[in-house]
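What follows is a single structure, written as structure tokens, with notes after it.
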4 protein chains.
Amino acid sequence: MQNRTPAGRTGRPRNAAADTAILAATREALVELGWSRLTLGDVATRAGVAKTTLYRRWAGKHELVVDAVAELFDELELPDSGSLAADIEGVVLQFAAILARPEARSGLMAVVAEATRDDALRERIRASIVDRQLRLVLEGRARAQRRGELPPEPDPAESARTVDLIFDMVAGAVVHRTLVSGKPADQEWVHGFTRVLLLGLTARPGEPDGAGGPDKAAGRV
Amino acid sequence: MQNRTPAGRTGRPRNAAADTAILAATREALVELGWSRLTLGDVATRAGVAKTTLYRRWAGKHELVVDAVAELFDELELPDSGSLAADIEGVVLQFAAILARPEARSGLMAVVAEATRDDALRERIRASIVDRQLRLVLEGRARAQRRGELPPEPDPAESARTVDLIFDMVAGAVVHRTLVSGKPADQEWVHGFTRVLLLGLTARPGEPDGAGGPDKAAGRV
Amino acid sequence: MQNRTPAGRTGRPRNAAADTAILAATREALVELGWSRLTLGDVATRAGVAKTTLYRRWAGKHELVVDAVAELFDELELPDSGSLAADIEGVVLQFAAILARPEARSGLMAVVAEATRDDALRERIRASIVDRQLRLVLEGRARAQRRGELPPEPDPAESARTVDLIFDMVAGAVVHRTLVSGKPADQEWVHGFTRVLLLGLTARPGEPDGAGGPDKAAGRV
Amino acid sequence: MQNRTPAGRTGRPRNAAADTAILAATREALVELGWSRLTLGDVATRAGVAKTTLYRRWAGKHELVVDAVAELFDELELPDSGSLAADIEGVVLQFAAILARPEARSGLMAVVAEATRDDALRERIRASIVDRQLRLVLEGRARAQRRGELPPEPDPAESARTVDLIFDMVAGAVVHRTLVSGKPADQEWVHGFTRVLLLGLTARPGEPDGAGGPDKAAGRV
DNA sequence: ATTTAATCGAGACGGTACGTCCCGTCTTGTA
DNA sequence: TACAAGACGGGACGTACCGTCTCGATTAAAT
């Protein structure tokens with residue numbers, strides 16, 4: 001994951017169990033202490049490992065936490081609920097549930113904050129967390145197209161842009177709701193959000209457009 | 001701002017200019033060093049102030065940065081562009097421009113991260129940053145209603161929920177685009193985002209609904 | 001004591017009671033906290049006085065403590081016990097009793113320590129504490145001469161040297177016993193000490209001299 | 001010296017040279033700055049050592065200075081001058097010479113002052129400085145007994161009491177002369193002091209006793 | 001079986017920043 | 001003027017972690 005396999009074959013090999021123990025200890029410490037009070041010395045102690053061992057495998061606190069948090073998001077699965085709207089609602093709810101867990105909340109924003117000044121870290125976050133979950137959007141769209149809920153994509157560039165937009169809107173809204181507004185992203189909220197998102201993506205523009213005839217607009221703002 | 005006004009009348013009064021200098025020095029340090037390398041000792045030096053003076057007024061790094069960043073968002077203004085869509089685009093662009101500035105990027109996510117474990121800090125962020133900008137959503141809606149672009153609100157509770165949702169969607173998407181995806185929230189992106197948002201909020205559900213007739217949907221996903 | 005009388009007559013006169021209160025508060029703080037933890041801010045608070053008032057009258061911690069401790073030694077009185085030996089024992093016991101009090105122990109050595117690098121402070125100690133008690137030696141000798149226990153002094157220079165020597169031996173031995181050896185300078189010890197001192201000062205040298213016939217020496221070493 | 005030898009075998013061993021460098025730096029700083037201006041940060045810098053290293057080995061300023069000063073007194077040697085009086089004079093002169101050095105003057109009284117409120121510190125002073133030099137008294141007496149200048153000790157308890165008394169008188173008088181009276185403990189003074197001390201210890205009580213016939217007393221008071 | 005080389009635990013190390021405490025000065029309003 | 005109150009610039013404190021290093025002791029693969 002984070003470390004080159006030893007490459008050269010001679011010498012004592014690394015203890016593979018240590019990686020697992022360290023990442024688990026990291027999440028445990030995140031829960032108990034939060035990002036800012038978490039120290040690598042403490043993580044090493046919890047993992048029953050020397051500090052040197054930890055530094056041999058990770059460059060620092062940020063990298064370690066990215067890996068520890070990334071594992072959490074691998075649990076995400078696209079449910080097959082029969083309709084696109086229900087599929088999206090299901091996945092957003094799962095995402096919200098993960099963000100509600102303290103080991104994710106605390107660490108995720110912190111590494112994002114640091115990534116604003118550290119390109120390598122941002123790349124690591126993208127690779128470990130964001131890109132790995134793009135699969136959900138892609139698979140969801142494909143399934144909806146198979147069902148006939150969505151038309152096929154004529155323009156690949158436009159398609160990629162839309163995938164990015166959906167991802168930013170979903171992840172952004174849930175994160176903001178959970179971490180900034182400090183309110184739960186519960187069933188009701190997710191339903192309302194999904195409705196607006198899907199309507200916005202699929203409604204015919206022109207007619208009941210935002211700039212269009214107000215007399216007919218029934219939407220609530 | 002952060003400190004009880006002296007209230008009691010005796011003793012030497014606080015130097016009001018120090019507050020201004022400290023907040024400016026904080027932003028300067030955020031630009032040069034970023035959140036994690038910013039130290040209060042350095043900020044004090046930059047502001048030409050003793051470290052003790054700084055600690056007398058702010059409880060710590062997080063509180064200080066919240067106040068320093070909050071001032072940035074007070075620049076936001078709702079443009080009067082003639083249409084709701086254009087107004088929203090204008091304000092989102094302004095918001096994106098602020099988030100593009102390093103003094104905002106670096107500090108904002110860090111305090112949000114810390115706020116996940118510190119209720120007082122979250123409250124401070126809400127009061128200093130989030131709630132102060134809710135005015136934009138409220139005023140924008142009122143103006144659109146005056147123009148006839150939006151109907152009046154029948155249900156106050158539903159209305160508040162929608163304002164919250166809009167705020168989470170706008171702020172969340174822009175933040176995620178800028179800080180996580182690491183791509184610019186430029187004119188083009190803002191236009192696309194605004195279109196989806198407004199359509200989602202105003203389109204008549206039922207007809208070209210996400211669950212509705214796929215054959216007619218012209219939306220791009 | 002420590003401060004020039006205001007001299008110029010205009011303006012609000014100093015509160016004379018403050019001096020007393022400050023010195024008492026200093027001794028109180030010495031008892032409770034010892035020298036190293038005593039702070040001028042705390043003394044001011046105890047005395048019900050502002051820090052400014054304290055600094056207007058004393059230059060610093062050292063000067064203040066010298067004055068506070070000096071007052072303790074003014075209690076010393078030469079008892080009239082009928083014999084030189086008994087007079088000396090009495091005064092040495094009184095001296096030991098003062099040194100046993102925490103307000104004296106703690107402060108005295110500290111100012112002496114500082115005086116090794118501060119000539120003005122050493123002079124202040126000499127004037128306030130040491131010289132004021134030379135009277136005891138002088139009066140004791142005069143009384144013994146009146147009684148016929150000691151011969152009159154033929155040589156004034158030699159006389160002054162002897163007074164100094166006595167003072168250094170008495171004060172030094174008691175201080176060392178009390179503060180360094182950490183054992184009480186009690187009746188028994190004072191008796192033994194006085195015996196050696198007086199014998200050393202009055203015995204005819206030459207005969208049972210330390211360099212003399214060892215076979216006849218009955219002294220204990 | 002001050003720190004448990006590593007005992008346990010694991011881990012990087014302490015750098016023994018650091019102890020030496022730190023104690024030397026401490027004495028250097030005492031000379032230049034005196035006790036009250038000496039800071040541990042400065043000592044660490046002078047020793048080319050991190051502040052943490054210093055704190056890892058000494059509990060604080062007082063303990064450090066005790067050790068730094070204690071080494072000075074290890075230079076003391078009992079000269080073999082042929083007579084008890086000359087031996088004592090020699091050792092007292094050496095002692096006075098050490099106390100005349102600024103690194104001793106400045107620190108010694110300060111730690112004694114602090115020791116009045118800190119039993120552990122007093123014990124450390126006794127063990128590191130006082131008890132280590134008792135050897136001089138013991139050896140001097142033994143040598144004088146071998147020479148026949150002093151009789152053997154019949155009573156061990158009385159003997160110990162006398163050793164203590166001698167130590168308090170010698171150390172006390174020299175310290176007081178040097179640090180309080182502020183006059184040099186030079187050849188002449190030491191000679192006078194030694195004469196009184198030795199006479200007091202060896203003269204036959206009863207005859208020219210302090211309480212005895214004043215007409216025959218030739219001593220000067 | 002021995003060598004070889006990397007890993008492991010432990011913990012000392014140089015270093016940076018922390019947040020606190022106290023210093024001695026200053027600036028108010030009141031007496 | 002003096003005084004109470006308290007803010008101020010400054011300096012040192014002692015602590016906590018950082019990330020590196022030096023140990024002696026394992027531990028396997030390569031000899």
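Atoms considered below: every heavy atom in the structure, side chains included; atoms not considered: hydrogens, waters and symmetry mates. In what follows, chains are A, B, ... by sequence order, proteins preceding strands, each numbered from 1.
Put simply, CG on D/D42 is 8 Å from P on F/dA12, counting in whole angstrom units. Here F/dA5 presents its C1' atom at 13 Å from CZ of B/R56, a figure rounded to the nearest Å. Taking atom CG of residue B/D19 and atom C1' of nucleotide F/dC8, one finds them 14 Å apart after rounding to whole Å. Counting to the nearest Å, the P atom of E/dC23 and the CG atom of C/L64 are 11 Å from each other. In this structure, C/E114 atom CD and E/dC23 atom P are separated by 14 Å, rounded to whole Å. Between D/I22 atom CD1 and E/dG14 atom C1' the separation is 12 Å, expressed in whole Å. Taking atom NZ of residue C/K61 and atom P of nucleotide E/dG24, one finds them 9 Å apart after rounding to whole Å. Note: CG (A/L54) to C1' (E/dC8) measures 13 Å, nearest angstrom.
For the pair A/E114 and A/K61, the salt-bridge criterion is not met [side-chain N within less than 4.0 Å of a carboxylate O].
With A/S128 contributing its side chain and A/R124 its backbone, the two residues share a donor-acceptor pair below 3.5 Å. Judged by distance alone, with hydrogens and angles left aside, the side-chain atoms of D/R46 form no donor-acceptor pair with the main-chain N or O of D/A21 at under 3.5 Å. In this structure a side-chain-to-backbone donor-acceptor pair under 3.5 Å is present from B/T45 to B/G41.
Residue D/R14 places its side chain closer to E/dC13 than to any other of F/dA4, E/dC13, E/dT7.
Between D/T39 and A/G41, the residue anchored nearer the 5' end of DNA chain F, judged by the nucleotide with its closest heavy atom, is D/T39. Comparing B/G60 and D/A18 by the nucleotide of DNA chain E whose heavy atom lies nearest to each, the residue mapping closer to the 5' end is D/A18. Taking for each of C/A16 and B/V49 the nucleotide of DNA chain F with the nearest heavy atom, the 5'-most of the two is the partner of C/A16.
OP1 or OP2 of E/dT7 has not a single side-chain nitrogen or oxygen of A/T53 nearer than 4.0 Å.
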Strictly under 3.5 Å: I want the nitrogen or oxygen pairs between protein and nucleotides 25-31 of chain E, one per line.
from   : atom 1 : to    : atom 2 : distance (Å)
E/dC26 : O2     : B/R12 : NH1    : 3.0

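B/G48 comes within 4.0 angstrom of the backbone, heavy atoms only, and of no base.
Note that CZ of B/R101 is 5.0 Å distant from CG of B/L72, once rounded to the nearest 0.5 Å. For the atom pair C/T39 OG1 and C/L33 CG, the distance stands at 7.5 Å (nearest 0.5 Å). Taking CD from A/E63 and CD1 from A/I125, the interatomic distance works out to 9.5 Å, rounded to the nearest 0.5 Å.
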